[in-house]
Amino acid sequence: MDRIYIYKKRKIIDAGPIQVSADKEKSVNWPPYVGGIILVAGVAILLTSKK
């Protein structure tokens with residue numbers, strides 16, 4: 001997975017009972033090795049956490 005999608009809902013018109021909204025999609029790209037680094041960091045945090 002090399003892309004994350006972020007969705008935002010914006011209210012365009014809010015006139016009493018009438019409401020119009022729009023969804024905006026934005027994608028964030030990164031190289032595949034960044035996902036591996038995040039995965040290793042997450043596992044390290046889980047292994048070193050103390051309850």
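FYI, the numbering just counts along the sequence from 1. What you are looking at is a predicted structure, and each value in this text was computed from that prediction instead of being measured.
Think of Ile12 as one node in a network of Ile, Leu, Val, Met, Phe, Trp and Tyr side chains linked at under 4.5 Å; its network also takes in Ile13, Val20.
Applying the salt bridge (Lys or Arg N to Asp or Glu O under 4.0 Å) definition to pairs two or more places apart or across chains, none involves residues 30-40.
Applying the salt bridge (Lys or Arg N to Asp or Glu O under 4.0 Å) criterion to Lys11, with sequence neighbours excluded, gives Asp14. Not counting sequence neighbours, the partners of Tyr7 by the side chain to side chain donor-acceptor pair (under 3.5 Å) test are Glu25. Under the rule for a salt bridge (Lys or Arg N to Asp or Glu O under 4.0 Å), Lys8 has no partner lying at least two apart in sequence or in another chain.
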Taking only distance into account, with no hydrogens and no angle test, what donor-acceptor pairs under 3.5 Å do side-chain atoms of residues 35-45 form with protein atoms, sequence neighbours excluded?
none

